[in-house]
Amino acid sequence: MGSRARSGRGGAAALFVAAVMVVSWSAAGVGAIGANWGTQASHPLPPDTVVKMLKDNGFQKVKLFDAEDGTMSALRESGLEVMVGIPNELLAIMASSMKAADKWVEKNVSNYLNKGCNVRYVAVGNEPFLSTYNGSFLLTTFPALKNIQSALVKAGLGNQIKVTVPQNADVYDTATGKPSDGDFRTDIHDRILEIVKFLSDTGGVFTVNIYPFISLYIDPNFPAEYAFFDGRSQPVVDGSATYTNMFDANHDTLIWALKKNGYGNLPIVIGEIGWPTDGDMNANAQLAQRFNQGFMTHIATGQGTPMRPGPIDAYLFSLIDEDDKSIQPGNFERHWGIYTYDGIPKYQLNFGVPNSQIKRASGVKYLDKKWCVLKPTVSLDDPKLPDTVSYACARADCTSLGYRTSCGMLDTRSNISYAYNSFYQKNDQDDVACGFSGYATTTGQDPSTGTCRFGIMIEVDSAYSWKPRRVRSNYLLVLLLALVHLCVSSS
Ligand SMILES: *[C@@H]1O[C@H](CO)[C@@H](O)[C@H](O)[C@H]1NC(C)=O
Ligand SMILES: *[C@@H]1O[C@H](CO)[C@@H](O)[C@H](O)[C@H]1NC(C)=O
Ligand SMILES: *[C@@H]1O[C@H](CO)[C@@H](O)[C@H](O)[C@H]1NC(C)=O
């Protein structure tokens, strides 16, 4: 497992250890691994395809960010445990209206339970205390949580379904870097504590998202090796505990924060953990594999962390890339998937099923083998070229074009072609979307090179996610742009 990333020596021993760990994984009931399934994609894979992918790879649970009917219906009779989510935008109404909370539970929990969907958790909000939200959800999260719990109890599901609030890991911190000095952040201390007390009283769980990658991204002095699980980093010694990876230390900072406030036994779920593969110099398949496989191996031992020995309950972030996500957090945000948009694994990963290889999605339907590229006759000095690229990049996806990213090595021509093609594919290969004032043309020759993949879009399941209105408005904008350029050049 994780040993693959290390040197070849001791391979047989490592294999044996891996085999023992896989056996003990199922025998000891070590927390099964789950996956986050987000759907902010222009062309999402059909839900049935995704559910088959999850099952083929031995995932036993899945975490959602809402309760879309297509997704929920595909999960019926799948046996997968489901965490459904209430988006932050719904917190205010859930907080102010018991009736709305009742309806949400009826429609999005009871309804699907009756249809054979194995719902186990309701996540109320998603990282609602994140600083980028400017406190917008500070006052509504707890009342929404209380109303949803009451609604579950009324529906007779109080014991069957647990509530939680997925939190970003910066709701707690430690001034010294030692986990034992951990506590909840002073500015939100009371807000977090009322939630913690309620979760403790009602049998809920504390869900936290832990991201060593983000620490590395925002802090150039962060010791990179500490992000991984190979034990190569300078350890942090905290009393009798020794930490060789950031995950354990961060997790135990939370345990200490809970303990200090009287809730040291509250169950913890890792709601998101993962590593992106593009959009930043530290985001690539090699490091993502090293991190994710290291984490899987870590939880497969069942050892837990120094402060909480035992199984770790976790959901990988994420299953599939999402090209419609906001890049406000960084260009890597669209590249967290273990899989590309079309269900191809980016690297090898063993999910704890003996001798298993990661399996790709089956039956994916692609559009034609056509790409949109810059015409070879166009001069790179043309002053209007940059506008066409900005236009494409603003509406499609150019996050693979930066410094030390998967397409960072392209020359200027190919770079422009990449932007054009991204827009063309996102608009379902419509001819109008390969215009760019006449600078672009389609080709049947794949421009992909090295690590840089010029994708072909997939067909989407029209029953679930065809988005006609947005596509049409894109066309209108292209036409408008073409017109503007025509006017400029003819004047
Ligand atoms: C159920 O969830 C969906 C998806 O998040 C949401 O759009 C819908 O409003 C919810 N239904 C109710 C009755 O609240
Ligand atoms: C938060 O505040 C910043 C700066 O004042 C603003 O740019 C941003 O739009 C705000 N975000 C939200 C979600 O209100
Ligand atoms: C490629 O395109 C991106 C996005 O427009 C731009 O930031 C970058 O500077 C370009 N690189 C080259 C070599 O043209």
Practice task
Would you check if the side chain of Lys260 reaches a backbone N or O of Gly182 as a donor-acceptor pair within less than 3.5 Å?
Solution key: yes

Problem - Pair Asp323-Ser42, side-chain donor/acceptor within less than 3.5 Å - result: yes

Practice task
Can you measure from CG (Asn284) to NE2 (His335) and round to the nearest 0.5 angstrom?
Solution key: 12.5 Å

Practice task
Tell me whether the centres of the aromatic rings in Tyr217 and Tyr211 are closer together than 6.0 Å.
Solution key: no

Handout entry: Heavy-atom donor-acceptor pair, Asn57 side chain to Lys359 backbone, under 3.5 Å
Key = yes

Practice task
Find the distance between CD (Glu272) and CG (Asn168) and round it off to the nearest 0.5 Å.
Solution key: 9.5 Å

Practice task
Looking only at non-hydrogen atoms, find the nearest pair between Ile456 and Gln425 and report the distance.
Solution key: CA-OE1, 3.5 Å

Practice task
Hey, can you tell me if Phe317 and Trp336 have their rings parallel, tilted or perpendicular (30° and 60° cut-offs)?
Solution key: perpendicular

Exercise for the section: Before giving the answer on ring pair (Phe, Tyr, Trp, His ring centres under 6.0 Å), spell out for Tyr347 and Trp275 the whole-Å C-alpha distance, their side-chain angles and the decisive distance to 0.1 Å. Expected result: CA-CA 12 Å; Tyr347 43 88; Trp275 199 279; over 10 Å; no

Practice task
Search all heavy atoms of Ala288 against all heavy atoms of Thr277 and return the closest pair with its distance.
Solution key: CB-CG2, 3.7 Å

Exercise for the section: Would you check if the side chain of Asp324 reaches a backbone N or O of Gln40 as a donor-acceptor pair within less than 3.5 Å? Expected result: no

Problem - Sub-4.5 Å side-chain heavy-atom contact between Arg191 and Phe129 - result: yes

Practice task
Indicate the ring-plane relationship of Phe229 and Phe295, choosing parallel, tilted or perpendicular according to the 30° and 60° boundaries.
Solution key: tilted

Completion exercise
Distance col, row Thr141:OG1 vs Leu91:CG, nearest 0.5 angstrom, shows 5.0 Å

Completion exercise
The reported gap from CD1 in Ile195 to CG in Asp190 (rounded to nearest 0.5 angstrom) is 11.5 Å

Exercise for the section: Show your reasoning for whether side chain to side chain donor-acceptor pair (under 3.5 Å) applies to His298 and Asn245. Expected result: CA-CA 11 Å; His298 181 33; Asn245 68 78; 4.7 Å; no

Problem - Leu410 side chain near Cys452 side chain, heavy-atom distance below 4.5 Å - result: yes

Practice task
Say whether Asp69 and Tyr112, considering side chains only, have a donor N or O and an acceptor N or O under 3.5 Å apart.
Solution key: yes

Practice task
State whether a side-chain donor-acceptor pair under 3.5 Å links Gln357 with Gln348.
Solution key: yes

Handout entry: Which atom of Ala249 lies closest to which atom of Tyr226, heavy atoms considered
Key = CB-OH, 3.3 Å

Practice task
Using modelled atom types only, decide if a donor and an acceptor are shared between the side chain of Asp181 and the backbone of Ala175 within a distance under 3.5 Å.
Solution key: no

Handout entry: pair Leu258-Tyr172: side-chain heavy atoms closer than 4.5 Å
Key = no

Problem - Salt bridge present between Glu225 and Arg290 (N-O < 4.0 angstrom) - result: yes

Handout entry: Ring centres under 6.0 angstrom apart (Phe454, Tyr418)
Key = yes

Practice task
Give a yes or no answer on whether the side chain of Asp321 reaches the backbone of Tyr341 with a donor-acceptor pair at less than 3.5 Å.
Solution key: no

Practice task
Answer yes or no: is there a donor N or O on one side and an acceptor on the other, between the side chain of Lys426 and the main chain of Arg395, under 3.5 Å?
Solution key: yes

Completion exercise
Taking every heavy atom of Tyr133 against every heavy atom of Glu127, the minimum-distance pair comes out as CE1-O, 3.3 Å

Exercise for the section: Could you go through the side chain to side chain contact (heavy atoms under 4.5 Å, CB included) check for Val236 and Thr242 one step at a time? Expected result: CA-CA 6 Å; Val236 170; Thr242 300; over 6 Å; no

Practice task
Decide side chain to side chain contact (heavy atoms under 4.5 Å, CB included) for Leu64 and Val62; before the verdict, give the C-alpha distance in whole Å, the side-chain angles of both, and the deciding distance to 0.1 Å.
Solution key: CA-CA 7 Å; Leu64 309 174; Val62 63; 4.2 Å; yes

Practice task
May I ask you to check whether over 12 heavy atoms, not counting those of Asn265, lie within 6.0 Å of atom CG?
Solution key: no

Exercise for the section: Flag the pair Ile312 / Ile270 as yes when at least one side-chain heavy-atom distance between them is below 4.5 Å, and no otherwise. Expected result: yes

Practice task
Output yes when a side-chain donor or acceptor of Ser233 lies under 3.5 Å from a complementary backbone atom of Pro235, and no otherwise.
Solution key: no

Fill in the blank from the handout: On a heavy-atom basis, the closest approach of Ala257 and Asp183 is CB-CA, 3.6 Å

Handout entry: Salt-bridge criterion met for Arg334 and Asp397 (N-O under 4.0 Å)
Key = yes

Handout entry: Asn331 vs Thr405, side chain to side chain contact (heavy atoms under 4.5 Å, CB included): CA-CA, chis, key distance, verdict
Key = CA-CA 10 Å; Asn331 279 347; Thr405 57; over 6 Å; no

Handout entry: Gap separating the CE atom of Met53 from the CD1 atom of Ile358, nearest 0.5 angstrom
Key = 7.5 Å

Problem - Side-chain donor or acceptor of Trp104 paired with backbone N/O of Leu90 under 3.5 Å - result: no

Completion exercise
Taken to the nearest 0.5 Å, the spacing of Lys146 NZ from Thr202 OG1 works out to 11.5 Å

Exercise for the section: Would you name the heavy atoms of Leu199 and Leu266 that are closest together and state the gap between them? Expected result: C-CD1, 4.1 Å

Handout entry: Asp173 side chain near Asp170 side chain, heavy-atom distance below 4.5 Å
Key = no

Practice task
Decide whether Thr451 and Ser406 meet the rule of one side-chain donor and one side-chain acceptor closer than 3.5 Å.
Solution key: no

Exercise for the section: Decide yes or no for Ser110 and Leu157: does some side-chain heavy atom of the first lie under 4.5 Å from some side-chain heavy atom of the second? Expected result: yes

Practice task
Report the relative orientation of the aromatic rings in Phe213 and Phe332; use parallel for angles under 30°, tilted for 30 to 60°, perpendicular for over 60°.
Solution key: perpendicular

Exercise for the section: Would you mind reporting whether Val269 and Tyr121 have side-chain heavy atoms less than 4.5 Å apart? Expected result: yes

Exercise for the section: Would you check if Asn427 and Met457 make a side-chain contact, meaning some heavy-atom pair closer than 4.5 Å? Expected result: no

Practice task
For this output row, return yes or no: ring centroids of Phe59 and Trp37 closer than 6.0 angstrom.
Solution key: no

Practice task
Look at atom NZ of Lys115 and say whether more than 12 heavy atoms of other residues, nucleotides or ligands are closer to it than 6.0 Å.
Solution key: yes

Handout entry: Within 6.0 Å of CZ in Arg360, more than 12 heavy atoms from elsewhere
Key = no

Practice task
Without swapping roles, check the side chain of Asp219 against the backbone of Ser215 for a donor-acceptor pair under 3.5 Å.
Solution key: no

Exercise for the section: Please determine if Asp48 and Lys52 form a salt bridge, counting it only when a charged side-chain N lies under 4.0 Å from a carboxylate O. Expected result: no

Practice task
Carefully, step by step, assess Gln293 and Asn350 under the rule side chain to side chain contact (heavy atoms under 4.5 Å, CB included).
Solution key: CA-CA 7 Å; Gln293 191 63 72; Asn350 185 305; 3.9 Å; yes

Exercise for the section: Could you tell me whether a side-chain N or O of Asp238 sits under 3.5 Å from a main-chain N or O of Ala241, the two making a donor and an acceptor? Expected result: no

